[in-house]
Participant: 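What follows is a structure written as structure tokens; I'll ask about it next.
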Amino acid sequence: MRVRAGARDLHGNAPDSSPVVLLVIDTINDFMFEEGLQVLADARPIAERIRRLKRRTRRVGIPTVYVNDKFGRWRSDFRALIAHCLRPAARGRSVTRLLRPDRLDYFVLKPKHSAFYSTTLELLLEHFRARALILTGLLADSCILSTALDAHMRGYELVVPADCVAARTPEDRRRALALMRRTLQTDTTPSGALDMNVVLHRSGRKGR
């Protein structure tokens, strides 16, 4: 997608503004944590659905921002994390290969659970003039929930497709989604049933 370069254009390769932004959280992951193999089994099919959702959002001009944990690698940048997770022996290689970001995507590294805590995400969302966020990735009851709480406090509308977030157990995911629906007024419609034009319209812009 070609866009006009200008004062608000960070790199010349992404929309100058979008009321909706897709966040892909902690999917660049080596799954070397307690119950990592269990989460990985859930994450593989979810990665396929996030990939399809990303294609659909891009077609209507919604940008993707990868928000990823540093995993304690304070000397690493995002490219180093991707390389680490693409190693032949890496547990999460299949997920990283499916969701590896491309040149149109943005990324933010985070030190803790929430995508907002001590990161540049809020400034980037201000650049986009975003009013709604689609949250996907890992884990529903941890980083997704923490990000959703912080986003809600900042006034963002929230969409968390139920089939695009992983957790350690199905029950953990169900509880987290139920909490977000009840407390944060989150739309948890599965990705295949999401109408991007409706999502954009709710946030102030009609789809193309």
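The chain is numbered in sequence order, starting from 1. Quick caveat, the model's predicted, so the values are computed rather than measured.
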Participant: Taking all non-hydrogen atoms of both residues, which atom of Asp163 and which atom of Gly192 are closest, and how far apart?
Facilitator: OD2-N, 4.3 Å

Participant: Taking the basic N atoms (NZ, or NE/NH1/NH2) and the acidic carboxylate oxygens, is any pair closer than 4.0 Å for Arg44 and Glu48?
Facilitator: no

Participant: Rounded to the nearest 0.5 Å, how far does OG of Ser18 lie from CZ of Phe128?
Facilitator: 7.5 Å

Participant: Take Leu53 and Cys164, measure what side chain to side chain contact (heavy atoms under 4.5 Å, CB included) needs, and give me the verdict at the end.
Facilitator: CA-CA 9 Å; Leu53 178 63; Cys164 288; 4.2 Å; yes

Participant: Applying the side chain to side chain contact (heavy atoms under 4.5 Å, CB included) criterion to Asp26, which one of Thr147, Leu138, Val67, Thr136 satisfies it?
Facilitator: Leu138

Participant: Could you report the tightest heavy-atom contact between Asp30 and Arg91, atom names first, then the distance?
Facilitator: O-CB, 3.2 Å

Participant: Start with the C-alpha gap between Glu171 and Arg174, add the side-chain angles, then the distance that decides, and say whether side chain to side chain contact (heavy atoms under 4.5 Å, CB included) holds.
Facilitator: CA-CA 5 Å; Glu171 184 57 30; Arg174 282 193 291 270; 2.9 Å; yes

Participant: Identify the two heavy atoms, one from Ala90 and one from Cys85, that lie closest to each other, and give their separation to 0.1 Å.
Facilitator: CB-O, 3.4 Å

Participant: With a 3.5 Å distance limit and no angle check, can you tell me whether Arg87 reaches the backbone of His84 through a side-chain donor-acceptor pair?
Facilitator: yes

Participant: Is any side-chain heavy atom of Gln38 less than 4.5 Å from a side-chain heavy atom of Glu35?
Facilitator: yes

Participant: If you define the side chain from C-beta out and look only at heavy atoms, does anything of Asp105 sit under 4.5 Å from Tyr66?
Facilitator: yes

Participant: Would you say CZ of Arg154 has more than 12 non-hydrogen atoms from neighbouring residues, nucleotides or ligands within 6.0 angstrom?
Facilitator: yes

Participant: For Ser191, does its backbone N or O pair with a side-chain atom of Arg56 as donor and acceptor, under 3.5 Å?
Facilitator: yes

Participant: Check step by step if side chain to side chain contact (heavy atoms under 4.5 Å, CB included) holds for Val21 and Leu125.
Facilitator: CA-CA 8 Å; Val21 174; Leu125 296 177; 4.0 Å; yes

Participant: Can you tell if the side chain of Val65 reaches within under 4.5 Å of the side chain of Leu121, non-hydrogen atoms only?
Facilitator: yes

Participant: Check this for me: does any side-chain nitrogen of one of Glu157 and Arg131 sit under 4.0 Å from a carboxylate oxygen of the other?
Facilitator: no

Participant: Could you state the interatomic distance from CG (Leu194) to OG1 (Thr189), rounded to the nearest 0.5 Å?
Facilitator: 5.5 Å

Participant: Verify whether one side chain among Asp172 and Thr169 offers a donor that lies under 3.5 Å from an acceptor in the other.
Facilitator: yes

Participant: Would you compute the distance between atom CD of Glu122 and atom NE2 of His127 and round it to the nearest 0.5 angstrom?
Facilitator: 15.0 Å

Participant: Are any non-hydrogen side-chain atoms of Thr64 and Asp102 less than 4.5 angstrom apart?
Facilitator: no

Participant: Please answer whether the main-chain N or O of Lys54 pairs with a side-chain N or O of Thr57 as donor and acceptor at a distance below 3.5 Å.
Facilitator: yes

Participant: Rounded to the nearest 0.5 Å, what's the gap from CG on Asp150 to OH on Tyr156? Could you check?
Facilitator: 11.0 Å

Participant: Do Ser114 and Leu149 make a side-chain contact, defined as non-hydrogen atoms from C-beta onward lying under 4.5 Å apart?
Facilitator: no

Participant: Would Leu158 and Met180 satisfy side chain to side chain contact (heavy atoms under 4.5 Å, CB included), going step by step from the backbone distance to the final call?
Facilitator: CA-CA 9 Å; Leu158 290 168; Met180 286 185 272; over 6 Å; no

Participant: Please confirm whether Phe78 and Tyr106 have ring centers closer than 6.0 angstrom.
Facilitator: no

Participant: Check step by step if side-chain hydrogen bond (donor to acceptor under 3.5 Å, both in side chains) holds for Arg181 and Thr188.
Facilitator: CA-CA 7 Å; Arg181 281 193 298 269; Thr188 61; 3.0 Å; yes

Participant: Between Asp69 and Lys110, is the closest basic N to carboxylate O distance under 4.0 Å?
Facilitator: yes

Participant: Hey, could you give me the CG/OG1 distance between Leu135 and Thr186, rounded to the nearest 0.5 Å?
Facilitator: 7.5 Å

Participant: Return the minimal non-hydrogen interatomic distance between Tyr117 and Pro111, and the atom names on each side.
Facilitator: O-CD, 3.5 Å

Participant: Leu133 versus Val159: any side-chain heavy-atom pair under 4.5 Å?
Facilitator: no

Participant: Could you tell me whether Arg202 and Asp187 have a side-chain N and a carboxylate O separated by less than 4.0 Å?
Facilitator: yes

Participant: Quick one: closest heavy-atom pair of Leu177 and Ala162, and the distance?
Facilitator: CD1-CB, 3.7 Å

Participant: With the threshold set at 4.0 Å, does a side-chain nitrogen-carboxylate oxygen contact exist between Arg173 and Asp42?
Facilitator: yes

Participant: Taking Leu40 as the starting point, is it possible to reach Phe33 by hopping between hydrophobic residues whose side chains are less than 4.5 Å apart?
Facilitator: yes

Participant: I'd like to check Pro19 versus Leu200 (side-chain heavy atoms, cut-off strictly below 4.5 Å). Are they in contact?
Facilitator: yes

Participant: In terms of heavy-atom contacts, does CD of Glu34 have more than 12 from other residues, nucleotides or ligands at under 6.0 Å?
Facilitator: no

Participant: Is the number of heavy atoms from other residues, nucleotides or ligands within 6.0 Å of CZ (Arg100) greater than 12?
Facilitator: no

Participant: List the atom of Val95, the atom of Ala47, and the distance in Å for their closest heavy-atom pair.
Facilitator: CG1-CB, 4.0 Å

Participant: Does Asn68 reach the main-chain N or O of Leu109 with its side chain, forming a donor-acceptor pair under 3.5 Å?
Facilitator: no

Participant: Taking the side chain as everything from C-beta on, heavy atoms only, tell me whether Arg79 gets closer than 4.5 Å to Phe107.
Facilitator: yes

Participant: Would you compute the distance between atom CG of Leu86 and atom CD1 of Ile28 and round it to the nearest 0.5 angstrom?
Facilitator: 7.5 Å

